Chemist: 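Handing you this structure, nothing more for now.
Computed from a predicted model, the values in this text were never measured in an experiment. Numbered from 1 within each chain, the chains take letters A, B, ... in sequence-line order.
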Amino acid sequence: MTDIDTMPLTSERDRVPRYEPTVIEPLWQQRWADAQLYKTDLSDTSRRKFYLLTMYPYPSGDLHIGHWYIKTPTDAIARYRRMNGDNVFFPIGFDAFGLPAENAAIKSGIHPAQWTMRNIERMRGQLRTMGATFDWASEVVTCLPEYYRWNQWIFLQLLKSGLAYRKMAAVDWCPKDQVVLAREQVEGVDRVCWRCGTQVIKRDLEQWFFRITKYADELLDFTGIEWPEPIRVMQTNWIGRSEGAEVVFTTAESPHHAGGEQLKVFTTRPDTLFGATFMVLAPEHPLVVTLTSPEQRAEVQAYLTQTRRHTEIERLNTDRDKTGVPIGADAINPVNGERIPIWIADYVLSGYGTGAIMAVPAHDERDFAFAERFGLPITRVIAAPGDPDDAPLPQAYVSKATTDRLVNSGPYTGLPMPDGFARIVADLATRDAGSPSVTYRIRDWLVSRQRAWGTPIPVVYCEGGCGIVPIPEDQLPVLLPEDFQYRSEGGNPLEHTESFLRTTCPTCGGPGRRETDTMDTFVDSSWYWWRYLSPKATEHAVDGQLDAAWCPVDQYTGGAEHAVMHLLYSRFFCKALADLGVVTEREPFQRLFNQGQILGSDGERMSKSRGNVQDPDELVSRYGADSVRLFLMFMGPWDQGGPWSPSGIEGVHRFLRRAWTVSLDPHGQETSERTAAAADADGERALLVAAHRALQGVTEDHAGFRWNTMVAKLMELTNTLMRYRGTPVAGTAAWDEASRLLLLMLAPIAPHIAEELWSRRLESSGVMARSIHTESWPAFDPALVVSDTIELPVQVNGKLRDLVPMAPGLEQAEVERRVLARPKVQANLEGHTVVKIVHVGGRLVNIVIR
RNA sequence: GCGGGAGUGGUGAAACGGUAGACACGCUGGCCUUAGGAGCCAGUCAGGGUGACCUGGUGGGGGUUCGAAUCCCCCUUCCCGCACCA
């Protein structure tokens, strides 16, 4: 056994404590929580407010590396803004209603509420391991009545103002999840459910809708908010505004039909009206039955049956040959009185425009394909400059060039395209046969779900004849029953839960039946950030004063996958609630950032079934939260994401250990080997310059969320400190300043190690303990970011030829004199004439020679 | 098909129109250590040269510029969104 007195005293490991993140991190997390360091005083108006929001998680039960990827850099924003003096509000909550809880319930028999709350408990613990500064006092959990009663209240306000309504609709139904989907929740050409990937089918059901279309134009306007271009483009395309005209055709008289009925079509090309050679109705068009001639009835009926049998996928497959049948009736073109045949075809969609089109095969690819297939006439009515009027068309000519002119268009022939467009619309309008018109692709938001685990829609169907009766506000919430049972045959268990179902009509007091549909969970997430401000308030959904003080959200972070769902619904809610007087702003999120996605190491989306999921807990227990945070920041630009590769985490972990070493052990042991660096007379200044340059760069990187280059700069500074470690520079004020700045810069991104080293630093200098996270962000010294010598790059004809050491700020003539005196420059000029010399702000010289 | 984004070492990536490859990973060599999946130092785009250096090089081809990874045009590949929307 070794005698304790004989053990070497100077071993580095014994003198300096090791960096053990798993020991210090929980400790600091606990202290921060105890000190309520991150509880925001919402009434404090003495500082600038900063509402920082990150998309709240679904409580699936496991925190994913993707949660870390979005949330820990967002936490760095929060910490940085606090160091800059802002009053930061950074709340967190749980998007707690939804299908996975029900699927778990069906599978294992556990009630969705129990499953969800248990997961939330677990995820709260996991979220705390990030060391993030969430204000847990403001937490919202959407499956609790204290939250969802306000979903119901909002629903009633929308109902009252006509923004919520009920109608029969052909809806997308997921047979696996047994649920109706909003249009946005059906994905791809295959028409699959966004959650489970099952192909959806069409069903006719009475459904509740929110009238988002009322705000279509306002939703197209992004002025004043800073959102990423791709999201704005996606929302714009999704809303799909088309300007054109509605043109009224009339049905022609025929042996089986008196004619004279109006057939409206929407077109973006009224200028091509003379080229309309037939008309096509969607198979579902209401006039199909009355217009069909006896001779065509059998054929039309067969086509309708076939269409109904076709899945959406087959109908929407653009490669498929066009199909259709004539219905044996004609329409009259209002512009020239011509009779054109009416067809039905499934390429015309009943849900868009008027469900009927005028077909102009010469100038529309789809109509062209249809006309070719069925031998219908093709008449050119638009010609490019230089094209003869009757130049044959091997394919549709769809250009909308303003230099085109109208041909074969009666009185409009020869007019430039834009003039023809305007005059045809104007002339139709005077005869009540058409008018300018705008159509949108966006449909109203279908919010009914035939599921039990959601917010009950607060209406009653009176059995005494009062109809659909809203629940009075003072009777909210309509509580979700706790005793519903899932049945083997599927369906909504609420329909079989008598205690819930049977009720009295609020109007007449007679027997009534509750609505068993619940709301889409996207209703919950369309307003949750307002609820964070007063999560327990019982008298209102949103605290008006706090809304005025704190909203809109200054910075929102989250994934781009919600581009046309959550992010669009939230904007809609904001505008609707503003019109209802609930809030004052019309846009919810001032600035939006979409982080990239972390993929599995195989480059595929992380999923349990692929077995490529990276568990953050395991990494945290091995390297600590700070290393995981830093690694995620260091792997590349934040908006890029990328495949997971664990190899690099060693690098950032090594960096933190080095920061630990330079901070606690500036002198090291092997001083004798540092003679080269020690001889550097200007070491102190070089160190200060390195520190202040890093500070300047890091400050800039914060503004653009450029975490990767920020970490790189801190690595460089640490490397510089390491070079001077053990030299005479190590004990100086310059060293002290550089290592102080290093810790302050580390604080937002690696909060635990920064706090630990900061506390040791204060302790060793006898200063009262104070959290680094209450310190101010330092300012760099402009005099220290310029060094006293530069190596001026010299190019000859744009190629680098020499680096000339000199003092910065010399006059151009002097710079030229020194540059031209260089042998290497001389050698390159040999035998050539100098044309000119370009000076780039003292940063570079380019000598142009011939 | 339409719209958006992106192609830079073996890898992740840097680079206000101005020294291409910062910072890391990996690899190679050295030091230290009883040992180390610990730490420290050096090297690492390709080709040539003992070397200071020279030549080529940012998916391909053109252009603008004293100067282009960066701006413009054409082509090409990959990723994302929409997809018969009249």
Chemist: Using atom CG of A:Leu742 as one end and atom P of B:C23 as the other, report the distance to the nearest whole Å.
Modeler: 16 Å
Chemist: Classify A:Glu716 by what it touches in the nucleic acid, base, sugar-phosphate, or nothing, heavy-atom distance under 4.0 Å.
Modeler: sugar-phosphate
Chemist: Under 4.0 Å between a side-chain N or O of A:Tyr352 and OP1 or OP2 of B:A86?
Modeler: yes
Chemist: Taking atom C1' in both B:U34 and B:C25, what distance in whole Å separates the two?
Modeler: 30 Å
Chemist: Which base, if any, makes a Watson-Crick or G-U wobble pair with B:U55, both distances under 3.5 Å?
Modeler: B:A46
Chemist: Side chain of A:Gln795 only, heavy atoms from C-beta on: which candidate in B:A86, B:G18, B:A15 is closest?
Modeler: B:G18
Chemist: What contact category does A:Gln640 fall into here, base, sugar-phosphate, or nothing, at under 4.0 angstrom with non-hydrogen atoms?
Modeler: sugar-phosphate
Chemist: Please check if the distance between the ring centroids of A:Trp638 and A:Phe593 is under 6.0 Å.
Modeler: yes
Chemist: When rounded to the nearest Å, what value does the distance between C1' atoms of B:G9 and B:C23 take?
Modeler: 14 Å
Chemist: Any strand counts, and the cut-off is 3.5 Å on both contacts for Watson-Crick or G-U wobble. Which nucleotide pairs with B:A13?
Modeler: none
Chemist: So, do A:Trp707 and A:Phe631 have ring centers that fall under 6.0 Å from each other?
Modeler: no
Chemist: Verify the contact: side-chain N or O of A:Asn719 to OP1 or OP2 of B:A24, cut-off strictly under 4.0 Å; return yes or no.
Modeler: yes
Chemist: If the threshold is 4.0 Å, N to carboxylate O, is there a salt bridge linking A:Arg232 and A:Glu229?
Modeler: yes
Chemist: Students often get this wrong, so: under 4.0 angstrom with heavy atoms, is A:Pro637 touching a base, only sugar-phosphate, or nothing?
Modeler: sugar-phosphate
Chemist: Of the nucleotides B:G4, B:G18, B:A86, which has the atom closest to the A:Pro230 side chain?
Modeler: B:G4
Chemist: To the nearest Å, give me how far apart CZ (A:Arg269) and C1' (B:A86) are.
Modeler: 11 Å
Chemist: A:Phe374 vs A:Trp343 aromatic rings, parallel, tilted or perpendicular, using cut-offs 30° and 60°?
Modeler: tilted
Chemist: Which base, if any, makes a Watson-Crick or G-U wobble pair with B:C2, both distances under 3.5 Å?
Modeler: B:G81
Chemist: Given the ring of A:Tyr347, does A:Lys322 sit roughly above its face, with NZ or CZ under 6.0 Å from the centre of the six-membered ring and within 45° of the axis?
Modeler: yes
Chemist: B:A86, OP1 or OP2 - any side-chain N/O from A:Ser242 closer than 4.0 Å?
Modeler: yes
Chemist: State whether A:Glu816 and A:Arg818 are salt-bridged, where the test is any N-O pair (Lys NZ or Arg NE/NH1/NH2 against Asp/Glu carboxylate O) under 4.0 Å.
Modeler: no
Chemist: What nucleic acid atoms does A:Arg801 come within less than 4.0 Å of, heavy atoms only: base, sugar-phosphate, or nothing?
Modeler: sugar-phosphate
Chemist: Does A:Arg657 make a side-chain N or O approach to OP1 or OP2 of B:G39 shorter than 4.0 Å?
Modeler: yes
Chemist: What nucleic acid atoms does A:Thr267 come within less than 4.0 Å of, heavy atoms only: base, sugar-phosphate, or nothing?
Modeler: sugar-phosphate
Chemist: Pick the C1' atom in B:G63 and in B:U55, then give their distance to the nearest Å.
Modeler: 25 Å
Chemist: Measuring only the P atom in each nucleotide, how far is B:A52 from B:G43? A whole number of Å is fine.
Modeler: 12 Å
Chemist: Do the ring planes of A:Trp227 and A:Phe222 sit parallel (below 30°), tilted (30 to 60°) or perpendicular (above 60°)?
Modeler: tilted
Chemist: For B:U70, give the paired nucleotide (Watson-Crick: N1-N3 plus N6-O4 or O6-N4; G-U: N1-O2 and O6-N3; both under 3.5 Å), or none.
Modeler: none
Chemist: Between B:G4 and A:Asn237, is there an OP1 or OP2 to side-chain N/O distance shorter than 4.0 Å?
Modeler: no
Chemist: Quick one: label A:Leu803 by what it contacts on the DNA or RNA (base, sugar-phosphate, nothing), any heavy atom closer than 4.0 Å.
Modeler: base
Chemist: Please confirm whether the shortest side-chain N or O distance from A:Arg654 to OP1 or OP2 of B:C40 is below 4.0 Å.
Modeler: no
Chemist: How far does the P atom of B:C54 sit from the matching atom of B:G21, given to the nearest Å?
Modeler: 15 Å
Chemist: B:C41 phosphate, OP1 or OP2: any side-chain N/O from A:Arg658 under 4.0 angstrom?
Modeler: yes
Chemist: Give me syn or anti for B:G9, where syn covers glycosidic angles within 90 degrees of 0.
Modeler: syn
Chemist: Name the closest nucleotide to the A:Phe634 side chain, picking from B:C23, B:C84, B:G67.
Modeler: B:C23
Chemist: Could you pull out the protein-nucleic contacts involving nucleotides 42-53 of chain B (nitrogen or oxygen on both sides, under 3.5 Å)?
Modeler:
none

Chemist: Under a 3.5 Å cut-off for both distances, is B:A20 Watson-Crick or wobble paired, and to whom?
Modeler: none
Chemist: Which listed nucleotide (B:G81, B:C40, B:A86) is nearest to the side chain of A:Met234?
Modeler: B:G81
Chemist: Mind checking A:Val233 for me? I need base, sugar-phosphate or nothing, with any heavy atom below 4.0 Å counting as a touch.
Modeler: sugar-phosphate
Chemist: Quick one: A:Phe631 CZ to B:A13 P, roughly how many Å, whole number?
Modeler: 10 Å
Chemist: Counting only Watson-Crick pairs (N1-N3 plus N6-O4 or O6-N4) and G-U wobbles (N1-O2, O6-N3), all under 3.5 Å, who is the partner of B:C31?
Modeler: B:G39
Chemist: If you assign A:Gly636 and A:Lys799 each to the RNA chain B nucleotide with the nearest heavy atom, which residue ends up on the more 5' nucleotide?
Modeler: A:Gly636
Chemist: Is the closest side-chain heavy-atom distance between A:Met806 and A:Ile790 below 4.5 Å?
Modeler: yes
Chemist: Less than 4.0 angstrom from a charged side-chain N to a carboxylate O is my criterion; do A:Asp364 and A:Arg269 meet it?
Modeler: no
Chemist: Out of B:A24, B:C84, B:C40, which has the shortest distance to the side chain of A:Met722?
Modeler: B:C40
Chemist: Round to the nearest Å and state the distance from A:Asp665 atom CG to B:G39 atom P.
Modeler: 15 Å
Chemist: Would you kindly give the CE-to-C1' distance between A:Met633 and B:C23, to the nearest whole Å?
Modeler: 16 Å
Chemist: 5'-most contact on RNA chain B: A:Asn828 or A:Arg441, nearest heavy atom basis?
Modeler: A:Asn828
Chemist: Consider only side-chain N and O atoms of A:Thr213 and A:Asp444, and report whether a donor and an acceptor are under 3.5 Å apart.
Modeler: yes
Chemist: I'd like the P distance from B:U77 over to B:G59, given in whole Å.
Modeler: 16 Å
Chemist: If you check every side-chain atom of A:Asn846, which of B:C66, B:G56, B:A22 has the closest atom?
Modeler: B:C66
Chemist: Just do the side-chain hydrogen bond (donor to acceptor under 3.5 Å, both in side chains) check on A:Tyr19 and A:Arg657 with the steps written out, would you?
Modeler: CA-CA 6 Å; A:Tyr19 171 44; A:Arg657 271 205 303 258; over 6 Å; no
Chemist: Among B:G12, B:A14, B:G18, which nucleotide has an atom closest to any side-chain atom of A:Asn708?
Modeler: B:A14
Chemist: Work out how far the P atom of B:A14 is from that of B:G3, and round it to whole angstrom.
Modeler: 28 Å
Chemist: With P as the reference atom in both, quote the distance from B:A20 to B:U58 in angstrom, rounded to an integer.
Modeler: 12 Å
Chemist: Starting from C1' on B:A14, measure out to CE on A:Met710 and report it in whole angstrom.
Modeler: 15 Å
Chemist: For a side chain to side chain donor-acceptor pair (under 3.5 Å) with A:Ser627, tell me which candidate from A:Glu650, A:Arg622, A:His653 qualifies.
Modeler: A:His653
